[in-house]
Amino acid sequence: MTGSSAPAEISVRFENISKSFGHVHVLKDVSASVPRGMTTCIIGPSGSGKSTLLRCTNLLERPERGKIFIEGNDITAPGVDIDKLRVRVGMVFQHFHLFSHLSVIENVALALQKVRKLPKDEAEARAAVQIAAIGLKGFEHRRSSDLSGGQQQRVAIARALAMEPHVMLFDEATSALDPELVKGVLAIMRDLAFAGMTMLVVTHEMRFAREVAGQVIFMDHGQIVETGAPAQMFDAPQTPRLKYFLEQVL
Amino acid sequence: MFEGLRRIGETFFDPQIIAGVMPQLLTVGLPNTLLLSVIATIIGIALGLVIATGLLATQRPVRFFCRGYVDLLRGLPHILTVYLIGQGLPLAGLSIFGKSTYAYAAFSIGLIESAYMAEIFRAGFQGVERGQVEAARTLGMTRWQAMLFVILPQGIRRVLPPLTGQFILVIKGTALVFLLGLTASQRDIFSIAQDNSINNANLSSLTAAGLLYLALTVPMTYAVAAWGRRMQRGSQRGKVAA
């Protein structure tokens with residue numbers, strides 16, 4: 001697509017990303033790399049720009065300056081087919097956003113039919129496999145509103161995985177859940193990470209970040225303050241800001 | 001005092017005139033009124049959907065054009081619009097429907113309705129959560145696919161009660177087609193009543209027409225209100241369950 005290409009082991013690369021909403025600079029010259037086959041957790045106080053950075057990855061937000069490369073291709077270049085790109089990047093939202101007019105299986109099968117152009121029976125067969133994998137066999141024909149929050153979020157994960165993405169984005173996927181439902185969702189994310197999925201995870205679950213992440217990014221005020229392996233980040237933070245943040249949340 | 005009452009009774013409630021005009025109102029006027037209402041509503045829904053999509057478009061010129069269309073048609077007296085389109089188009093040489101005044105009548109009322117329905121659809125679509133669209137887009141759906149497979153099916157449920165309410169207004173609105181001059185068999189409820197009242201120099205046939213309109217609109221009004229209440233209860237139940 002473009003001449004410049006990243007090394008093969010880098011899945012997503014942000015180059016000098018800036019973004020503002022009105023007068024608020026949400027991202028200030030942010031650069032980061034997401035290695036393939038590994039989980040990168042973004043932590044930081046609310047309003048630090050971590051969700052915006054995540055949403056830039058599939059251009060739900062368009063950065064004003066800077067470039068974003070996915071598997072070596074500059075997705076911010078003019079003329080890039082954003083819809084094709086998004087098939088390779090799955091996303092899970094804080095508030096699930098299951099299609100409220102569809103059943104569980106229809107939620108998972110819809111994009112397979114309309115985007116992948118699979119026939120209905122094949123799309124539903126694949127959807128059924130995904131639904132079984134997240135432990136909701138037997139729930140295929142329930143309305144999404146009849147499920148608990150945790151179950152809804154698991155269906156949302158199945159819906160994203162059904163498209164066979166190369167990268168998965170999680171935007172505070174457990175923040176809207178009742179405490180007793182968090183575990184089940186985190187377990188699925190952990191399994192996915194250990195199966196080698198490339199994941200970019202915005203989260204407040206520090207234990208999850210410590211156990212699962214290969215890389216942790218700490219953001220504050222629209223900038224990346226510190227990046228490193230979880231052991232180093234949590235046990236030997238280099239910057240006073242990360243130290244202070246960890247004191248508040250741990 | 002009694003003289004006055006007697007005259008009111010004679011002018012508005014002459015049973016012989018009411019009974020005399022009723023068969024024609026029921027066999028010719030009623031089917032025509034309903035047919036015009038349905039055709040105008042179909043035109044209104046089809047055009048209204050397109051305009052509503054335009055009202056929500058990202059391109060500013062498209063939005064501006066559609067906003068202007070809605071403001072114009074909602075801002076003008078309906079009687080003026082029916083005149084301008086029903087008489088004006090053929091005069092201007094745009095005889096798209098030949099000499100069929102019936103078609104011009106349905107078209108002009110359909111245009112008026114499209115402006116109101118566009119607003120109903122816009123509100124319905126905007127009520128669909130933004131996250132629903134984002135979820136669709138992140139799965140690789142185009143704007144158009146998200147509209148078709150996610151926003152539209154969810155929006156339709158929200159707009160059905162107000163749309164039915166609008167249909168009641170269309171039924172009354174079709175009375176304006178008398179302006180365009182219809183043949184005897186094309187006349188709607190109001191045209192028949194108006195012709196009859198002129199021939200008899202008595203307004204009782206208009207009373208008959210009024211009763212017929214009320215018989216159509218009042219039950220529908222209550223049905224829509226009950227429907228709306230049920231939908232609201234349904235959505236609240238959904239929230240509790242979530």
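Worth saying up front: this structure is predicted, and the values here are computed from it rather than measured. Just so it is clear: chains get the letters A, B, ... in the order the sequence lines come, proteins before strands, and each one is counted from 1.
Within the 4.5 angstrom heavy-atom criterion, only backbone atoms of A:Leu98 (N, CA, C, O) approach chain B. Only the side chain of A:Phe93 comes within less than 4.5 Å of a heavy atom of chain B; its backbone N, CA, C and O stay farther away. Residue B:Gln132 touches chain A through both its backbone and its side chain, counting heavy-atom pairs closer than 4.5 Å. For B:Arg143, no part lies under 4.5 angstrom from a heavy atom of chain A.
The shortest heavy-atom contact between B:Arg137 and A:Arg86 is O-CD, 3.0 Å.
Heavy-atom pairs under 4.5 Å with chain B peak, among A:Lys114, A:Met163, A:Arg159, at A:Lys114. Of the listed residues (A:Arg116, A:His97, A:Arg143), the one with the most heavy-atom contacts under 4.5 Å to chain B is A:His97.
Between B:Met141 and A:Leu110, some side-chain heavy-atom pair lies under the 4.5 Å cut-off. A heavy-atom distance below 4.5 Å is not found between the side chains of B:Leu139 and A:Met91.
For the side chain to side chain contact (heavy atoms under 4.5 Å, CB included) criterion with B:Thr138, the lone passing option out of A:Leu169, A:Leu60, A:Val89 is A:Leu60.
Atom-to-atom distance recorded for B:Glu134:CD and A:Glu61:CD is 7.0 Å, nearest 0.5 angstrom.
The backbone N or O of B:Gly155 lies less than 3.5 Å from no partner atom in the side chain of A:His101, so there is not a single donor-acceptor pair.
Atom OH of B:Tyr213 sits in a crowded spot, with more than 12 heavy atoms from other residues, nucleotides or ligands closer than 6.0 Å.
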